[in-house]
Amino acid sequence: MPELPEVETTRRGLLPLVVGRTVSRVLVRVPRLRWPIPADLSALLVGRTIVAIERRAKYLLLQCDTGAIIVHLGMSGHLRLVVAGSRPEKHDHIDLEFTEGNCLRLHDPRRFGAFLWTAADPLHHPLLCNLGPEPLAGGMDGDYLHRRSRGRRGAVKPFIMDQGVVVGVGNIYASEALFRAGIHPAREAGKIGPKRYRRLARAIEEVLEEAIAAGGTTLRDFAHADGKPGYFALQLQVYGRGASPCPVCEQPVGVMRLGGRSTFFCGRCQK
DNA sequence: CAACGGACCTGCCTGC
DNA sequence: TGCAGGCAGGTCCGTT
């Protein structure tokens, strides 16, 4: 579910509701996520104040006065702020209650997400220290992608989804960005020239920015911090639209599998 | 290194 | 109606 725009939407939604709050109680209903939730989470967090919420790649970093909570939403997770004491639903695994009365609740049916604590700089955490540049922070451009792609024999779509190359691009926005750039998703990454990579870098930035502006993409269960959906699904050009006409040339949108993931493209507009 | 498949989970949809 | 199979927004890990 969450790619960069959904995680960023979550961050922006939580920001005014959570920053400055102090944890009064921690409830863990199901401790088994991708990695076990720290057994002493309550002892680690009660009494701490959340001073900032940052995002690195698809990770949310809830910075405390000392240390940080590292959250990943996996495929099916979302964070919402609810009234403390409200009845949990199925798959509501963690509650962080605040002294002010509200409660930050993690919901994640598939449990591919993560909820970890680090006392050190979270950017040095093993999960975060090998990530590529942020696509919306100026560290990623066409020349960078071109350089990183040299010698890569695989398809360009898995290449831009490689979080060690550039972060935040998941399965939806990879198809969308390649469509916008006119590049076929199966084209060999190492054989694409600098000019086309410049176009691709621009397309990635535009698609992610527009998706953030729309509040992300809700296909099934993604929800904002207040429970509302994101509306970028309405602007998707090819993702999930197999066999319907290409919005540019009206040829049916094609579907193929790349790197084990469904991939949508127009065989006429993308070369 | 790079590439690939399997693994981790639940829910939902399709087709028999 | 029931059940099997396939698929879903991620990414780590082991094997080639």
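Being a predicted model, the structure only gives us computed values, none of them experimental. All heavy atoms count here, side chains included; hydrogens, waters and symmetry mates do not.
Distance noted for atom P between dG5(B) and dG6(C): 16 Å (whole Å). Comparing the P positions of dA7(B) and dG5(C) gives an interatomic distance of 16 Å, to the nearest angstrom. Here, dA2(B) and dG9(C) have their P atoms 25 Å apart, quoted to the whole Å.
Across all strands, Tyr173(A) comes closer than 4.0 Å to no nucleic acid atom at all (heavy-atom distances). Across all strands, Tyr59(A) comes closer than 4.0 Å only to sugar-phosphate atoms, never to a base (heavy-atom distances).
Remark: Arg261(A) is not in phosphate contact with dC7(C), judged by side-chain N or O atoms under 4.0 Å from OP1 or OP2. For the pair His91(A) and dG11(B), the criterion of a side-chain N or O lying under 4.0 Å from OP1 or OP2 is met. The shortest distance between the side-chain N/O atoms of His72(A) and the OP1/OP2 oxygens of dT11(C) is below 4.0 Å. In this model, the phosphate group of dA8(C) is approached by a side-chain N or O of Ser262(A) to a distance below 4.0 Å at OP1 or OP2. In this model, the phosphate group of dA2(B) is approached by a side-chain N or O of Arg152(A) to a distance below 4.0 Å at OP1 or OP2. A sub-4.0 Å separation between OP1 or OP2 of dG9(C) and a side-chain N or O of Lys58(A) is absent.
Put simply, CZ on Phe112(A) is 15 Å from P on dC7(C), counting in whole angstrom units. The distance from atom CG of Leu236(A) to atom C1' of dA8(C) is 15 Å, rounded to the nearest whole Å. With rounding to whole Å, Asp108(A) atom CG is found 13 Å from dG11(B) atom C1'. To the nearest angstrom, P of dA8(C) lies 9 Å from CZ of Arg110(A). Here dC7(C) presents its P atom at 12 Å from OH of Tyr239(A), a figure rounded to the nearest Å. Put simply, CZ on Arg55(A) is 14 Å from P on dG10(C), counting in whole angstrom units. In this structure, Asp92(A) places its CG atom 13 Å from P of dG11(B), rounding to the nearest Å. One atom, CG of Leu33(A), and another, P of dG10(C), lie 17 Å apart when rounded to the nearest Å.
When all heavy atoms are compared, the tightest approach of Val207(A) to Glu176(A) is CG1-CB, 4.1 Å.
Checking dT10(B), dA8(C), dG9(C) against the side-chain heavy atoms of Glu3(A) singles out dG9(C) as nearest. Of the candidate nucleotides dT10(B), dG9(C), dT11(C), dT10(B) has the atom lying nearest to any side-chain atom of Arg111(A). Out of dC12(C), dG10(C), dG9(C), the shortest distance to the side chain of Leu127(A) is found at dC12(C). Comparing atom distances between the Gln163(A) side chain and each of dA8(C), dT11(C), dG9(C) picks out dT11(C) as nearest.
Here dA4(C) sits opposite dT14(B) as a Watson-Crick or G-U wobble pair (both hydrogen-bonding atom distances under 3.5 Å). Across every strand in view, dC9(B) sits unpaired, with no contact that passes the Watson-Crick or G-U test at under 3.5 angstrom.
For the pair Asp108(A) (side chain) and Gly113(A) (backbone), a donor-acceptor distance under 3.5 Å is present. Glu134(A) places a side-chain N or O within 3.5 Å of a backbone atom of Ala57(A) that can act as its donor or acceptor partner. For the pair Ser24(A) (side chain) and Glu97(A) (backbone), a donor-acceptor distance under 3.5 Å is present.
Relative orientation of the Phe232(A) and Tyr173(A) rings is tilted, given thresholds of 30° and 60° on the angle between their planes.
Checked by atom type, the side-chain pair Thr49(A)/Thr22(A) shows a donor-acceptor distance below 3.5 Å.
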